[in-house]
Amino acid sequence: MAAAAIITTVSARGCLEFLPPLSTPAVFGSFVAAMIGSILPDIDQPTSMVGKTLPIISRLMRGAFGHRGFCHSLLFLALIYGITMTLFSSMKFYALVLCLGAGSHLLFDMFNRPGIPLLWPLKIQFRLAKIKTESQFGTKRSC
Ligand SMILES: [Zn+2]
């Protein structure tokens, strides 16, 4: 989400030549796309926000791949990119921002102790640090 917010802000100010300056509704739309993208990889966790929103899909993903499996991989990002570019071909910028949001989720999950299987189905865990996180309710969190 941080990366998407930076790109949106820079584009809104017209600083990038390949992106036209964004209107206020477009800035809002890109933030919404970035927020959706940033929670999307946790669809494999039924207790997550997106898991509670789409419980059937979440349980299917959890059952098929487990938490922090396929949904935390580059293959998942590529799938999301392909689906959004196909379904929303007239809104490619938002599809890209959604993928950047998902990518930022993966980046920040790499700072947690378990890491993520970036090259799934290879079982190599990628991590940048071993930070242990806890939720606001005091229970250990691994999303
Ligand atoms: Zn996650």
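Both ligands and their constituent atoms are indexed starting at 1 by order of listing. Hydrogens, waters and symmetry mates are skipped; everything else that's a heavy atom, side chains included, is used.
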What is the name of the N/O/S atom of Asp42 that is nearest to the Zn ion (ligand 1)?
OD1
Do any N or O atoms from the side chain of Ser30 and from the backbone of Ala26 form a donor-acceptor pair under 3.5 angstrom?
yes
Under 2.8 Å: N/O/S of His72 next to the Zn ion (ligand 1)
yes
The Zn ion (ligand 1) is nearest to which N, O or S atom of His105?
NE2
For the Zn ion (ligand 1), what is the closest N, O or S atom on Asp109?
OD2
Under 6.0 Å from the CD1 atom of Ile56, do we count more than 12 heavy atoms belonging to anything else shown?
no
Does OH belonging to Tyr81 count more than 12 external heavy atoms closer than 6.0 Å?
no
Starting from the C-alpha separation in whole Å, work towards a yes-or-no answer on side-chain contact (heavy atoms from CB on, under 4.5 Å) for Leu118 and Ile124.
CA-CA 8 Å; Leu118 208 53; Ile124 304 167; over 6 Å; no
